[in-house]
Trainee: 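Before I ask anything, here is the structure I am working with.
Numbered from 1 within each chain, the chains take letters A, B, ... in sequence-line order.
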2 protein chains.
Amino acid sequence: MKRKATINDVAREAGVSKGLVSFALNDRPGVSTETRDRILTVARELDYQPSVSARSLSTRSSYAVGLVIARDPDILGADPFFPSFIAGVERALLTEGQALVLSVVGDDEHEAAAYQRLAADARVDGVFLTDLRHDDPRIPLLQRLGMPAVTLGHPETSGSEPADAPYPAVSLDDTPGVVAAVQHLIDLGHRRIAHVIGPRRMLHATRRNAAFVDTLRAAGLPTDLVVETDFTAAQGASATEHLLDLADRPTAIVFGNDPMAIAAIGVAHERGLRLPDDLSITGFDDSELARFVYPSLTSVRTDPLLWGEAAARTLLRLTTTGHADDVDLEPARVITRASTGPVRA
Amino acid sequence: MKRKATINDVAREAGVSKGLVSFALNDRPGVSTETRDRILTVARELDYQPSVSARSLSTRSSYAVGLVIARDPDILGADPFFPSFIAGVERALLTEGQALVLSVVGDDEHEAAAYQRLAADARVDGVFLTDLRHDDPRIPLLQRLGMPAVTLGHPETSGSEPADAPYPAVSLDDTPGVVAAVQHLIDLGHRRIAHVIGPRRMLHATRRNAAFVDTLRAAGLPTDLVVETDFTAAQGASATEHLLDLADRPTAIVFGNDPMAIAAIGVAHERGLRLPDDLSITGFDDSELARFVYPSLTSVRTDPLLWGEAAARTLLRLTTTGHADDVDLEPARVITRASTGPVRA
DNA sequence: AGATTCTCCTAAACCGGTTCAGACCACGGG
DNA sequence: CCCGTGGTCTGAACCGGTTTAGGAGAATCT
């Protein structure tokens, strides 16, 4: 196999200095059209591809972005959000010659370490901040590290300033989806509705629960049935057990993700309950499986693929131009299926 | 924020040349113990971290490994194999200062391009080869690119030579799992057993089907019920529909992954069948959800986490030492749950 | 015509490591 | 006393790009 052509090869072949080749390839002014064309032709002939590592060293940027996922592998496997999100990211990176560096860590401690390593090694030019938390420690951490980032959704505006968010936010508003799901249940006649949410420290869990509570309250209904979980199917199942054991048990349960809702269907069946007659269930994220379980699962559809793509585009814009505007995607909406129905007379 | 310390800073501070610092840090001979200690101390004091890009440029290696996944995002999301596998990979990379570069592509065409980009940009020192195919085109491609790799499972030995596999294989034998699952069904009295497999071009699909067929044949049972799918829940569902519509329909179905099996449970319920009385079902990979669907799913357990870890270790050994032995992990075994039962009298 | 400006280009420094040839020194042997 | 020899260290080249200072020559201005 021939050695890869370097910028020197191109320069020699084109009869110019390598500095000029660099100028021509990055189309910067100061190169005559004629010479530029000749250089580009030679580069094409030699199948010249600039060396990423040389360029990284010289420009101090890595032409890659990072994603750190802090979730237990088990949850990760069950939850289709990240794979789709990553596929979307990839779609945006592909055309830009950028790469995605992925880090999967079990807990928060390793999470901080992962960001620090990414920064220390200058592996990436920017990162995605998913699963935002309250007073998210990653934001000051990243600022200290001088690492550009894009947040999925708006972080808490801790200060009084509304515009003190240090990073552009790419948001997919999930509250309309939650509101629609809850309203759907209310319209079906449900009065005792429970909410099984993800970890409270995650912003979206509390935000969705706020939407849940608001909607119930507006309808004059009780809002006391909220159970926090870690997003695993296991905890979704035990939360369901708990709720069904209550004296004044709910007739409908809203779940924070599909795996938990599917586990709940299992629990209900196990108890001989009929769905949706005895219990209505809704999921979140509308994974592929939602259409195929029995009864098919009413779920709130977000679009992780699109979200990933938009987030990646925004991050690239930020790292290359130094600025990127917030992006708002189409809000989540409920997809009604067979797991929700009128409350039994 | 202070600028990061470079090797020059360490050299100056320790009063030696930067070449010697390099020697000391990579503990190579030719540095006196005394000097070495002094250099290491200074390095620690300055919190010196070698620059990955500088080192990459100089050594022509990137200290990262690559994973290219060619699956439709939807399937990816439903199938918990890759997230767990990646988590395992990560666990092995963490301690070695290596990073994982991930590429998710939709189809084979983009897949080849992804490998080529990884190689052309020298982004990674080696890659994982998952979902091996018949006459896998990626093997000659990677050889042409001079890219080290580790295969998950043994590739087809196309030639007569048994040891012509160009890459070390990290294998988790799935046939014992399949055999056990099928035997389990036979023991329960099933005589018409179907197999819903993944894409035939994938080696593991045909290998598992061979195990399936062999086991049935050994018991003198018919082996005609095999349906090929793309691993999606959707095709799992339609395969089930098809099988149940047959005049001489199976009493048990073995599925190639859990999402398809779960979709099959949905279809069966939809038709008013009772599980496992009217139909027994087994899955594959034993995802978290398997325990929580109703009835809980008998599945074949592999260990993607462990697999990922072993594969990563092997790949690192290969890229650093130039050689790595094959690794054989604990074979897959069947986990019996409630979705399989005696055939109805 | 001479000074100024502009365009196009070259040479060299630089990014931060690795590696190699050879300098320097102490030591033991002849 | 001189000469290898071995251990320790320096200096410089090198990896392959980017960037800056400045030079040559043509065009424009005065």
Side-chain angles (χ1 to χ4, degrees), chain A residues 2-40 42-43 46-64 97-98 119-123 125 319-320, chain B residues 2-40 42-43 46-64 97-98 119-123 125 319-320:
Chain A
K2 275 207 312 291
R3 290 257 305 101
K4 263 189 59 176
T6 73
I7 198 173
N8 283 306
D9 301 329
V10 177
R12 185 174 355 93
E13 201 69 22
V16 296
S17 70
K18 71 172 184 172
L20 199 63
V21 174
S22 176
F23 272 57
L25 291 174
N26 299 323
D27 44 31
R28 294 160 52 133
V31 187
S32 73
T33 320
E34 193 183 2
T35 314
R36 180 186 307 274
D37 288 348
R38 181 157 40 91
I39 291 173
L40 294 180
V42 170
L46 296 181
D47 190 29
Y48 168 70
Q49 298 274 116
S51 146
V52 174
S53 32
R55 207 207 292 235
S56 296
L57 177 57
S58 176
T59 62
R60 309 161 167 294
S61 62
S62 55
Y63 307 94
Q98 300 265 339
D121 294 355
R123 290 272 191 188
D125 299 332
T319 57
T320 54
Chain B
K2 275 206 314 290
R3 289 256 303 100
K4 261 189 59 174
T6 74
I7 198 172
N8 284 306
D9 301 329
V10 177
R12 186 172 356 92
E13 200 69 21
V16 296
S17 71
K18 72 173 184 171
L20 198 63
V21 174
S22 177
F23 272 58
L25 292 173
N26 299 323
D27 44 32
R28 293 160 52 132
V31 187
S32 72
T33 321
E34 193 184 1
T35 314
R36 180 186 305 275
D37 287 347
R38 179 157 41 91
I39 291 174
L40 293 181
V42 170
L46 295 181
D47 191 30
Y48 167 72
Q49 300 274 117
S51 147
V52 174
S53 31
R55 207 209 294 236
S56 296
L57 177 57
S58 166
T59 62
R60 310 161 167 294
S61 63
S62 55
Y63 307 94
Q98 300 265 339
D121 294 356
R123 289 273 191 187
D125 299 331
T319 57
T320 54

Trainee: Looking at residues at least two apart in the chain, or sitting in another chain, which of them share a side-chain hydrogen bond (donor to acceptor under 3.5 Å, both in side chains) with A:Ser17?
Mentor: none

Trainee: Pairs in or reaching into residues 25-34 of chain A: which pass salt bridge (charged side-chain N to carboxylate O under 4.0 Å, His left out), with residues at least two apart or in two chains?
Mentor: none

Trainee: With A:Thr320, which residues qualify under side-chain contact (heavy atoms from CB on, under 4.5 Å), at least two apart?
Mentor: none

Trainee: Can you name the closest pair of heavy atoms from B:Arg55 and B:Tyr63 and give their distance?
Mentor: CD-OH, 2.9 Å

Trainee: For the residue pair A:Ala14 and A:Ile39, what are the closest heavy atoms and their distance?
Mentor: CB-CG1, 4.2 Å

Trainee: For B:Ala122, check side-chain contact (heavy atoms from CB on, under 4.5 Å) against everything at least two apart and list the hits.
Mentor: none

Trainee: Report the distance from atom NZ of A:Lys18 to atom C1' of C:dA11, rounded to the nearest whole Å.
Mentor: 11 Å

Trainee: Which is more 5' along DNA chain D, the nucleotide nearest A:Asn8 or the one nearest B:Gly19? Just name the residue.
Mentor: B:Gly19

Trainee: Do you know which two heavy atoms are closest between B:Gln49 and B:Lys4, and how far apart they sit?
Mentor: O-NZ, 3.4 Å

Trainee: Counting C-beta onward and ignoring hydrogens, is there a side-chain heavy-atom pair between A:Arg38 and A:Val16 closer than 4.5 Å?
Mentor: yes

Trainee: How long is the line joining CZ of A:Arg38 and C1' of C:dC8, in whole Å?
Mentor: 12 Å

Trainee: Using heavy atoms and a sub-4.0 Å distance, could you list which residues of residues 46-60 of chain A are near DNA chain C? By number, please.
Mentor: A:Leu57, A:Ser58, A:Arg60

Trainee: For B:Ser22, what residues pass the side-chain contact (heavy atoms from CB on, under 4.5 Å) criterion, not counting sequence neighbours?
Mentor: B:Ile7, B:Asn26

Trainee: Taking all non-hydrogen atoms of both residues into account, name the closest pair between B:Ser51 and B:Ala54 and its distance.
Mentor: OG-N, 3.0 Å

Trainee: Taking five pairs at each end, how big is the angle between the two axes of the helix from C:dA1-D:dT30 to C:dG30-D:dC1, to 10°?
Mentor: 60°

Trainee: Please identify which of these residues, B:Thr319, B:Asp121, B:Asp125, meets the side-chain hydrogen bond (donor to acceptor under 3.5 Å, both in side chains) condition with B:Ser62.
Mentor: B:Asp125

Trainee: Checking the side chain of B:Ser61 only, and the main-chain atoms of B:Ser56 only, is there a donor and an acceptor separated by less than 3.5 Å?
Mentor: no

Trainee: Can you list every pair that meets salt bridge (charged side-chain N to carboxylate O under 4.0 Å, His left out) and has a residue in residues 12-25 of chain A, with sequence neighbours left out?
Mentor: A:Asp9-A:Arg12

Trainee: Taking only residues two or more places apart in sequence, or in another chain, which ones meet A:Tyr48 in a side-chain hydrogen bond (donor to acceptor under 3.5 Å, both in side chains)?
Mentor: none

Trainee: Check nucleotides 22-26 of chain C for protein N or O atoms closer than 3.5 Å to its own N or O atoms and list the pairs.
Mentor:
none

Trainee: Could you check which residues of residues 21-35 of chain A get a heavy atom under 4.0 Å from DNA chain C? Sort them by number, please.
Mentor: A:Gly30, A:Val31, A:Ser32, A:Thr35

Trainee: Reading DNA chain D from 5' to 3', where do the contacts with chain A start and stop? Cut-off is 4.0 Å to heavy atoms.
Mentor: D:dG16 to D:dT20

Trainee: If you look at every heavy atom in A:Leu25 and A:Ala43, which pair is closest and at what distance?
Mentor: CD2-CB, 4.3 Å

